[in-house]
A.B. asks: 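Take a look at the following structure, please.
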Amino acid sequence: MTGKSRIRRLLSQLAAALAYPVSSIPRAVGTAVVAAVTYVLLILSTFPEMSMQMLGAGMQWADDTLVLLTENVLATNGWFGLGLIVCYAVLTGVAVTNAAAQARVTGVSSLSDLTGVLPGLVASGCASCGAGLLGFLGFAGAMAALPFHGDLLRVGGIVLLLGFLGRAGDPRSCRVTV
């Protein structure tokens with residue numbers, strides 16, 4: 001198989017994987033819920049100390065916390081950085097929906113493609129905007145040394161998610177890839 005045909009096949013499978021979650025209302029709702037939860041977690045992980053203090057004072061501060069931290073991401077990373085977080089959250093919703101469908105269709109033991117999404121979740125989540133998940137673990141200083149406020153790691157996570165989705169394709173179809 002030539003390089004061009006491989007790229008065409010990958011793009012075709014990626015389009016099928018991205019279309020699957022919106023092929024029914026329950027799947028679209030499930031994808032939106034997972035994407036929203038992912039967005040909230042990524043935004044809260046941008047400034048873990050503030051998130052813990054605000055939410056520790058009561059859940060009535062949750063909306064204020066999300067608004068303040070979204071504004072902080074916008075101020076520090078710009079629209080591009082916020083767009084990367086939103087893109088990552090949506091792709092995570094699609095990947096989780098597709099992985100659940102693949103588990104239903106083929107069984108849990110054949111989910112070798114699912115391992116492709118795990119590095120993307122860790123890589124993109126940990127540098128969502130500076131400290132990220134490593135900030136929760138006490139490594140905020142190491143994350144501060146990253147260039148471009150962690151945008152490169154976010155782009156890497158998105159590429160890994162797109163690779164996973166392109167490789168897996170539509171979860172309803174079972175095919176052998178070489």
Side-chain angles (χ1 to χ4, degrees), residues 6-46 48 51 66 69-70 73 77 79-137 143 146 148-178:
R6 283 185 183 176
I7 291 172
R8 272 191 229 121
R9 186 183 72 176
L10 180 71
L11 291 175
S12 170
Q13 288 178 207
L14 178 60
L18 293 173
Y20 173 74
V22 294
S23 62
S24 79
I25 291 175
R27 281 193 288 264
V29 169
T31 301
V33 167
V34 171
V37 168
T38 302
Y39 176 80
V40 167
L41 289 176
L42 288 174
I43 289 296
L44 290 178
S45 73
T46 62
S51 299
L66 286 175
L69 291 177
T70 299
V73 168
N77 293 34
W79 287 103
F80 181 73
L82 185 62
L84 285 176
I85 290 175
V86 170
C87 181
Y88 183 78
V90 169
L91 286 175
T92 299
V94 170
V96 168
T97 301
N98 289 5
Q102 192 176 16
R104 259 193 323 272
V105 170
T106 61
V108 176
S109 63
S110 64
L111 279 180
S112 63
D113 283 342
L114 183 61
T115 59
V117 78
L118 296 178
L121 290 171
V122 173
S124 186
C126 72
S128 62
C129 183
L133 295 179
L134 289 180
F136 282 126
L137 301 174
M143 296 308 293
L146 289 175
F148 309 113
H149 301 284
D151 283 346
L152 293 177
L153 273 179
R154 270 181 283 196
V155 169
I158 289 171
V159 167
L160 286 172
L161 279 170
L162 288 172
F164 162 73
L165 292 170
R167 187 168 168 237
D170 188 325
R172 296 171 290 192
S173 65
C174 182
R175 75 216 163 284
V176 176
T177 58
V178 181

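Computed from a predicted structure; not experimentally measured.
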A.B. asks: Could you check whether any side-chain N or O of Asn98 sits under 3.5 Å from a backbone N or O of Ala17, counting only pairs where one atom can act as donor and the other as acceptor?
C.D. replies: yes
A.B. asks: Below 4.5 Å, heavy atoms only, C-beta onward: do Thr38 and Leu91 meet side chain to side chain?
C.D. replies: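 In short, these two side chains do not touch, never coming nearer than 4.5 Å.
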A.B. asks: Indicate yes or no: at least one non-hydrogen side-chain atom of Thr70 is less than 4.5 angstrom from one of Ile85.
C.D. replies: no
A.B. asks: Between Gln102 and Pro171, what is the shortest heavy-atom contact and its length?
C.D. replies: N-CB, 3.7 Å
A.B. asks: Specify the closest pair of heavy atoms between Leu165 and Ala95, including all atoms of both residues, with the distance to one decimal.
C.D. replies: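 Of all heavy-atom pairs spanning Leu165 and Ala95, the closest is CD2-CA, 3.8 Å.
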A.B. asks: If I take atom CG from residue Leu14 and atom CZ from residue Phe164, how far apart are they, to the nearest 0.5 angstrom?
C.D. replies: 11.5 Å
A.B. asks: Working to the nearest 0.5 angstrom, can you tell me the gap between Phe80 CZ and Cys87 SG?
C.D. replies: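 Here the rounded value is 9.5 Å.
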A.B. asks: From Ile7 CD1 over to Ser12 OG, what is the distance, rounded to the nearest 0.5 angstrom?
C.D. replies: 13.5 Å
A.B. asks: Side chains of residues 28-35: which donor-acceptor partners sit under 3.5 Å, not counting sequence neighbours?
C.D. replies:
{"from": "Thr31", "atom 1": "OG1", "to": "Arg27", "atom 2": "O", "distance (Å)": "2.8"}
{"from": "Thr31", "atom 1": "OG1", "to": "Thr97", "atom 2": "OG1", "distance (Å)": "2.7"}

A.B. asks: Mind checking what makes side chain to side chain contact (heavy atoms under 4.5 Å, CB included) contact with Ala16, not counting sequence neighbours?
C.D. replies: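 By the side chain to side chain contact (heavy atoms under 4.5 Å, CB included) rule, Ala16 matches Asp170.
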A.B. asks: What distance separates Tyr88 OH from Leu160 CG, expressed to the nearest 0.5 Å?
C.D. replies: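 Going from the OH atom of Tyr88 to the CG atom of Leu160 covers 8.5 Å.
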A.B. asks: So which atom in Ala89 and which in Tyr39 form the shortest heavy-atom distance, rounded to 0.1 Å?
C.D. replies: CB-N, 3.8 Å
A.B. asks: Any non-hydrogen side-chain atom of Leu161 less than 4.5 Å from a side-chain atom of Thr92?
C.D. replies: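 Yes, their side chains come closer than 4.5 Å.
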A.B. asks: side-chain contact (heavy atoms from CB on, under 4.5 Å) between Asn77 and Leu82: does it pass, once the steps are laid out?
C.D. replies: CA-CA 7 Å; Asn77 293 34; Leu82 185 62; over 6 Å; no
A.B. asks: Kindly give the heavy-atom pair with the smallest separation between Arg167 and Gln13, and that separation in Å.
C.D. replies: O-NE2, 3.1 Å
